[in-house]
Each structure stands twice: as structure tokens, then as C-alpha cells.
Amino acid sequence: MTKLFFALGLLLFSLPVFASDLKVALVLDKGGKDDKSFNAAAFAGSTKAEKEFGLNVKEVEATDDAAIEGMIRSFAQKKFDLVIAIGFSMAEAVRKVASAYPNLKFALVDAEVVQPNVRSLMFEEHQGSYVVGALAGLLTKSNQVGFLGGMDVPLIRRFEMGFEAGLKKTNPKAKLVANFVGVTPEAWNNPAKAKELALSQYSQGADIVFAAAGASNFGAFDAAEDKKKFAIGCDSNQNWVKPGFVLTSMLKRVDQAVYQVIKDSVNGKFTGGTHRFGLKDGGVDYALDQYNEKLVPADVRKKVDQIKKEIIAGKIAVPDFYKKNAKK
């Protein structure tokens, strides 16, 4: 009976719908749509789909982790066709609600839920971090570089491990100093603490700091400007925030993934399972634009682009915190 229930649900959500009839919800984490980072990228993707397909996407911000399941369940009870949850902290809530509503579609960023009506959107952030690490290794003058993570969780440790490996690839003499803003979700939105930590890293000799800390990144950018050093942004292109002080940004194209899952739902092409985005398909990359083109010389770009090609070709194996941790 359970298998029949899921089969009927799968049939229902595989049918195309009139775009204007599709009800889509976007559940953001504490950073909110204005964090100019991870959540902002998700919101940009949903906004693009909303305009293109004539939808009305409802977005909410989960200011309290305890409220996440209630928010997602509320959308399911209101028969929203697609509920998109942004962030690994929402995995358990998605698992529970998706199981209870097999005829609805769900998408989850940065965590995997193995259910036929859930699309898990996963990124190879260690690859992108390796690339910006390689760039930092080529451009550091002090041979000391910083990493500033948001919440101390495996996902951000994955950024750190990839970044350090890329740094050592191009500059074996370089040393990395790493700090995390905190161990609770508040770490994603504490720029004052991030600035304090970044200033400490600069005072220890770092001339480049890679910040992977959500809205807390802006504290690190302020510190870079104060000390006339460099920072590296994350998730969205943050080069514009402090022109001349943001060396580049490690792009994580959450916007593309969110847009695509909405588009597939509109066209009746939604499928569950894990969808991965890496260097090969542009799901992660480093940012070059008018704000930083003068900061990254052509010869450095050439070397970094060659490293990208070697990663894609499998000639460089980027260490992965997830896989390393799984072996223990």
C-alpha cells in the first residue's frame, strides 16, 4: 500500500502544470534574502524563475531552527507544489515532511534526503575552495593566509580543507591560520565577531583571508579595508562589496540550482535524487569582473585556469573533508 501511495504521488508531480498555478515556497535560513551570500543567491534564483514563468514564490526566513519543520509543514498543508529548503540544518525537517506528503515536491540545498519526491542540491565547494586557495598561494606576499569559517560544521571544514590544499599546491611555503565565528547558527550573522577574528589573522601576518561565513563575511571585508589587506568572498560574487580589497569570490551557484528545480517543476520534469554541481558545470568557480580584474594578473589567471582544467580532468584530486571523515 505504501509503495502504491508513493507511485501515485510520483505520477502526479511528474505531470506538467500551468506555470501560474504552480505554488512555490522558499525557506531561507537565518541570514535571510539580504545576506548578499548563500541565501541571497537562492533568492536570486527563485526571483528569476518567478519573473520568467509568471509565478508567485512565497519566501520566509527561519529565524529559529526550532521553527523550520513547522514552516515547511505549513506549506505542505497548504498544498504548495514545491518547497525549497536552503541549508543543511533543514534536512531532518524535509525528511519528515516529504515523507508525509509524497505527492508534493521538495528541494534541499547542502544536504541529502533520499526520498523520491526530494531533490538534494549538493555542491563541490571543496573544488571551488581549492581554486581560490591556489590563487591566494600565488598572490600572498607574506606566505601567511587566513581562513574564516562561519559555523564550525563539516560543510565549512570542507571549504577549509580544499582551500588549504590549493594554497599548498601553488605555494608550499605558505601557512594557514583558521578560525570559526562560532558553533551555533548565529555564527552566520555576526559580522562584529568575524571582523575581530579577521583583524587577529591580519595582525598575525596574513595578507589574504578567505571568509566562508555567510553574512558574517562583511565583518571580514571591513577588517581587510581597515588593514589594507585582501579578503576572498564566498557563495555570491562579493567583489563589489569592498572594491580593491576583495581579491575574488568563491562562487557557489545556488541561484542556478534553485532556478533549475523550479523550471523542471514547471515543465513536469522534476526528479528526485542528488544533483551535484562542481567546476565542470560551473556550479562552483572563482569570480572575475570589473571590481577585481586589476588585482589578479593575467599570468595568475592562466595558472589558476590550468588548475581548474586539471581538477575537471581528474589530474588533481582535491581532498574532501566528507570522504576523509567517512573513513574514520
Side-chain angles (χ1 to χ4, degrees), residues 37-38 41 88 109-112 120-140 143 145-149 153-176 178 208-212 230-239 246-257 260 273-289 292-293 295-327:
S37 183
F38 186 74
F88 63 88
V109 174
D110 276 350
E112 291 184 87
S120 300
L121 307 172
M122 301 291 287
F123 294 82
E124 309 294 8
E125 46 269 314
H126 59 310
Q127 294 182 352
S129 297
Y130 188 101
V131 170
V132 297
L135 186 148
L138 291 167
L139 291 178
T140 179
N143 287 334
V145 173
F147 175 81
L148 181 60
V153 290
L155 172 66
I156 304 303
R157 290 285 180 177
R158 195 184 198 207
F159 278 88
E160 179 192 7
M161 179 177 283
F163 181 70
E164 183 170 22
L167 176 69
K168 297 290 188 180
K169 172 69 175 180
T170 56
N171 189 343
K173 295 181 180 179
K175 295 181 179 179
L176 183 72
I208 301 171
V209 171
F210 176 30
F230 291 116
I232 295 175
C234 192
D235 295 334
S236 297
N237 185 346
Q238 299 177 327
N239 296 351
V246 181
L247 194 57
T248 186
S249 299
M250 198 291 277
L251 300 176
K252 184 171 173 178
R253 300 306 302 269
V254 178
D255 56 334
Q256 291 183 356
Q260 188 62 49
T274 299
H275 292 224
R276 298 186 182 277
F277 304 88
L279 283 174
K280 186 175 182 179
D281 54 19
V284 297
D285 207 340
Y286 75 107
L288 279 172
D289 58 20
N292 73 330
E293 59 185 356
L295 304 179
V296 185
D299 62 324
V300 171
R301 298 182 202 178
K302 184 176 180 180
K303 291 175 183 177
V304 171
D305 288 340
Q306 180 59 36
I307 286 172
K308 282 175 55 178
K309 291 177 182 177
E310 291 180 14
I311 293 172
I312 293 169
K315 294 180 180 179
I316 293 178
V318 179
D320 187 343
F321 185 85
Y322 287 165
K323 292 180 180 178
K324 179 182 178 182
N325 212 42
K327 292 178 181 178

| query | For Ser236, which residues count as a side chain to side chain contact (heavy atoms under 4.5 Å, CB included) partner, sequence neighbours excluded? | reply | Ala41

| query | With Phe147, which residues qualify under ring pair (Phe, Tyr, Trp, His ring centres under 6.0 Å), at least two apart? | reply | Phe210

| Which atom pair, heavy atoms only, marks the closest approach of Ile156 to Gly149? | CG2-CA, 3.6 Å

| said: Given 3.5 Å as the limit, does a donor-acceptor pair link the side chain of Thr248 with the main chain of Ile232, or not? | reply: no

| For Gly162 against Val318, the heavy-atom pair lying closest together | CA-CG1, 4.5 Å

| request: Of all the heavy-atom pairs spanning Gly146 and Leu176, show the shortest one and how long it is. | output: C-CD1, 3.8 Å

| task | Sort and list the pairs that fulfil salt bridge (charged side-chain N to carboxylate O under 4.0 Å, His left out) and have at least one residue in residues 295-312, not counting sequence neighbours. | result | Asp285-Lys308

| Asp235 side chain to Lys252 main-chain N or O, any donor-acceptor pair under 3.5 Å? | no

| note | Between the CZ atom in Arg253 and the CG atom in Asn237, the distance rounded to the nearest 0.5 Å is 9.0 Å

| Do the non-hydrogen side-chain atoms of Phe321 and Leu155 ever get within less than 4.5 Å of each other? | no

| What residues form a side chain to side chain contact (heavy atoms under 4.5 Å, CB included) with Thr140, not counting sequence neighbours? | Ser142, Asn143, Val145, Asn171, Asp207, Ile208

| note | Applied to residues 127-136, the side chain to side chain donor-acceptor pair (under 3.5 Å) test, sequence neighbours excluded, yields none

Show every donor-acceptor pair shorter than 3.5 Å between a side-chain atom in residues 273-280 and any protein atom, with sequence neighbours excluded, or say none if there are none.
from	atom 1	to	atom 2	distance (Å)
Thr274	OG1	Glu112	OE1	2.7
Arg276	NH2	Glu112	OE2	3.4

| In Å and rounded to the nearest 0.5 Å, what is the CD to CD1 distance from Gln306 to Ile316? | 8.0 Å

| query | Hey, are the side chains of His126 and Pro319 touching, using non-hydrogen atoms and a 4.5 Å cut-off? | reply | no

| request: Pick out which of Leu135, Leu139, Val132 makes a side chain to side chain contact (heavy atoms under 4.5 Å, CB included) with Val304. | output: Leu135

| field | salt bridge (charged side-chain N to carboxylate O under 4.0 Å, His left out) pairs, two or more places apart, involving residues 154-166 | value | Glu124-Arg158, Glu125-Arg158, Asp152-Arg157, Arg157-Glu160, Arg158-Asp320

| request: Mind listing the closest non-hydrogen atom pair of Phe123 and Val254 along with its distance? | output: CZ-CA, 3.7 Å

| query | Do the side chains of Gln256 and Asp281 get nearer than 4.5 Å, heavy atoms only? | reply | no

| Test side chain to side chain donor-acceptor pair (under 3.5 Å) applied to Ser249 - qualifying residues, sequence neighbours left out | Asn239

| said: Does any part of the side chain of Phe163, heavy atoms only, come nearer than 4.5 Å to the side chain of Met250, both counted from C-beta? | reply: no

